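So the structure is just underneath, and the comments pick up after that.
Just so you know, these numbers come straight off a predicted model, no measurement behind them. Every chain is numbered from 1, with letters handed out A, B, ... down the list of sequences.
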2 protein chains.
Amino acid sequence: MKSEPHKVFEQLLNSKGLKVTKQRNDILDYLLKAKKHVTPEDIYRDLNKKDANIGRATVFRTLHLLENAGFADKIQFADGRLAYEHKFARPHHDHMICVECSSVLEFSNATIEKIQEEISKKFMFKPLWHRHEIFGRCKKCNKMD
Amino acid sequence: MKSEPHKVFEQLLNSKGLKVTKQRNDILDYLLKAKKHVTPEDIYRDLNKKDANIGRATVFRTLHLLENAGFADKIQFADGRLAYEHKFARPHHDHMICVECSSVLEFSNATIEKIQEEISKKFMFKPLWHRHEIFGRCKKCNKMD
DNA sequence: TATATAATTGAGACTGATTCTCAATATCAT
DNA sequence: ATGATATTGAGAATCAGTCTCAATTATATA
Ligand SMILES: [Mn+2]
Ligand SMILES: [Mn+2]
Ligand SMILES: [Zn+2]
Ligand SMILES: [Zn+2]
């Protein structure tokens, strides 16, 4: 039982003359199962716990591969750390990031997206992607200020 | 003839029991005169060209000082490099960043800002600041694709 | 102005994240 | 199964930024 994302990923690899490897599949799996945004170090640490060895370099290489293919996205916490999430069957969204506990809320707003398009057009700027992050304190962290 | 921003900066320093130094003034000056967003390395390099020596550590320390005081803001290019701009008598704005040439266009939109407030409220999230960056190709770089 | 005190400084060591190198290994078309 | 080619992990290298600390400088006060 190979999941749909794995099939799609495999197609991408084939189409680029790249090979399907255990490491690449494990990393994709990890992202698919993650309940939150995960750092490269999370992936490296957890995949090495169980299953013998996977190198840090491979984690980064695979994340870039997924990102470039449009299968993963990254966000950045207030302290600069990067975290990833997969994009299979998930609509585009942006983030509110707690500066205290690094928890993340997701939001999306059609009006904002539309205005962005209009602004880009006005400036003859060809938008490829965007990042809209609101930093602040989440409900929980705000209470205990 | 001390500029208004320098006076305000001096007040900040005094109010915190910090000292007014040549290095801090030079860095503020550099930001005030810069025509574009500048990196810490730009500041370090250029200030050392002319005027004897100023350490990298001091550049970073002073940028953080200015940032925390609300006198400077940073943006991040597509490759991850950080750049700063001063905020004296400049209204809030967001950025469109060219992935080819790293040129930056500025925009601001009241509707977007308002919607952000509403979304934050809905999630009981206390917004402190935000970053809204559109990455793509500027008019010039788009032509020569 | 001289002195005392406390903040600031730059050099360079250090850190953490990421990238690079390369020889050994795994994948895949045939 | 074989051969051509892509991938791998270890560890070295890089890079931005931070830290440490002894020497220096700013400033309050006498
Ligand atoms: Mn998300
Ligand atoms: Mn700007
Ligand atoms: Zn929180
Ligand atoms: Zn451009």
Side-chain angles (χ1 to χ4, degrees), chain A residues 2 6-7 9-28 30 37-69 72 74-84 102, chain B residues 2 6-7 9-28 30 37-69 72 74-84 102:
Chain A
K2 197 179 288 173
H6 275 98
K7 279 185 225 157
F9 186 40
E10 202 158 312
Q11 277 163 23
L12 169 86
L13 294 173
N14 288 333
S15 79
K16 295 198 154 196
L18 302 178
K19 292 171 178 174
V20 176
T21 66
K22 176 162 191 317
Q23 290 89 338
R24 285 175 174 161
N25 278 325
D26 286 353
I27 291 168
L28 173 55
Y30 187 93
H37 302 78
V38 296
T39 66
E41 196 59 24
D42 289 335
I43 301 174
Y44 174 76
R45 185 182 3 81
D46 292 350
L47 288 185
N48 279 313
K49 253 182 215 154
K50 306 196 159 288
D51 207 88
N53 50 353
I54 186 169
R56 249 178 269 263
T58 299
V59 172
F60 283 103
R61 286 187 290 232
T62 304
L63 286 172
H64 293 157
L65 185 57
L66 290 166
E67 199 186 351
N68 293 334
K74 59 179 184 301
I75 68 168
Q76 193 166 27
F77 298 117
D79 62 10
R81 280 158 42 239
L82 288 172
Y84 290 79
S102 289
Chain B
K2 196 179 289 176
H6 274 98
K7 278 185 226 158
F9 186 40
E10 200 158 312
Q11 277 162 22
L12 170 85
L13 294 173
N14 288 333
S15 79
K16 295 198 155 198
L18 303 178
K19 292 173 178 174
V20 176
T21 66
K22 177 162 190 316
Q23 289 90 338
R24 285 174 174 161
N25 279 324
D26 286 353
I27 291 168
L28 173 55
Y30 187 93
H37 302 78
V38 296
T39 66
E41 196 58 24
D42 290 334
I43 301 175
Y44 174 76
R45 185 183 1 80
D46 292 350
L47 288 184
N48 278 314
K49 254 183 215 155
K50 306 196 161 290
D51 207 88
N53 50 353
I54 186 169
R56 249 178 268 264
T58 300
V59 172
F60 284 105
R61 286 187 288 232
T62 304
L63 286 173
H64 293 158
L65 186 56
L66 291 166
E67 200 186 350
N68 292 334
K74 57 180 184 304
I75 68 168
Q76 193 166 27
F77 297 118
D79 62 9
R81 281 158 41 240
L82 288 173
Y84 290 79
S102 288

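- Distance, B:D26 CG to C:dT9 P: 11 Å, rounded to whole Å.
- Separating the CD1 atom of A:I43 from the P atom of C:dA17 is a distance of 14 Å, rounded to the nearest angstrom.
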Which atom pairs link the protein and nucleotides 14-16 of chain D when you take only N or O atoms and keep those under 3.5 Å?
none

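- Separating the CG atom of B:L13 from the C1' atom of C:dT9 is a distance of 15 Å, rounded to the nearest angstrom.
- Put simply, OH on A:Y30 and CG on A:L47 are 7.0 Å apart, with the number rounded to the nearest 0.5 Å.
- If you take NE2 on B:H37 and CD1 on B:I75, they are separated by 4.5 Å, rounding to the nearest 0.5 Å.
- With rounding to whole Å, B:K16 atom NZ is found 17 Å from C:dA6 atom C1'.
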Considering only nitrogen or oxygen atoms on both sides, find all protein atoms under 3.5 Å from nucleotides 9-13 of chain D and state each distance.
from  : atom 1 : to    : atom 2 : distance (Å)
D:dG9 : OP1    : A:Q23 : NE2    : 3.4
D:dG9 : OP1    : A:N53 : O      : 3.2
D:dG9 : OP1    : A:G55 : N      : 3.2
D:dG9 : OP2    : A:G55 : N      : 3.1
D:dG9 : OP2    : A:T58 : OG1    : 2.1
D:dG9 : O5'    : A:G55 : N      : 3.4
D:dG9 : N7     : A:R61 : NH2    : 2.9
D:dG9 : O6     : A:R61 : NH1    : 3.4

Using nucleotides 25-28 of chain C, report all nitrogen or oxygen pairs with the protein that are shorter than 3.5 Å.
from   : atom 1 : to    : atom 2 : distance (Å)
C:dT27 : O2     : A:K19 : NZ     : 2.7
C:dC28 : OP1    : A:V20 : N      : 3.0

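- Checked for salt-bridge contact, B:E41 and B:R81 miss the test: no charged N lies under 4.0 Å from a carboxylate O.
- Residue A:R24 holds its CZ atom at 5.5 Å from CG of A:L13, rounded to the nearest 0.5 Å.
- With rounding to whole Å, A:L65 atom CG is found 14 Å from D:dT8 atom C1'.
- Residue A:H64 places none of its side-chain N or O atoms closer than 4.0 Å to OP1 or OP2 of C:dT18.
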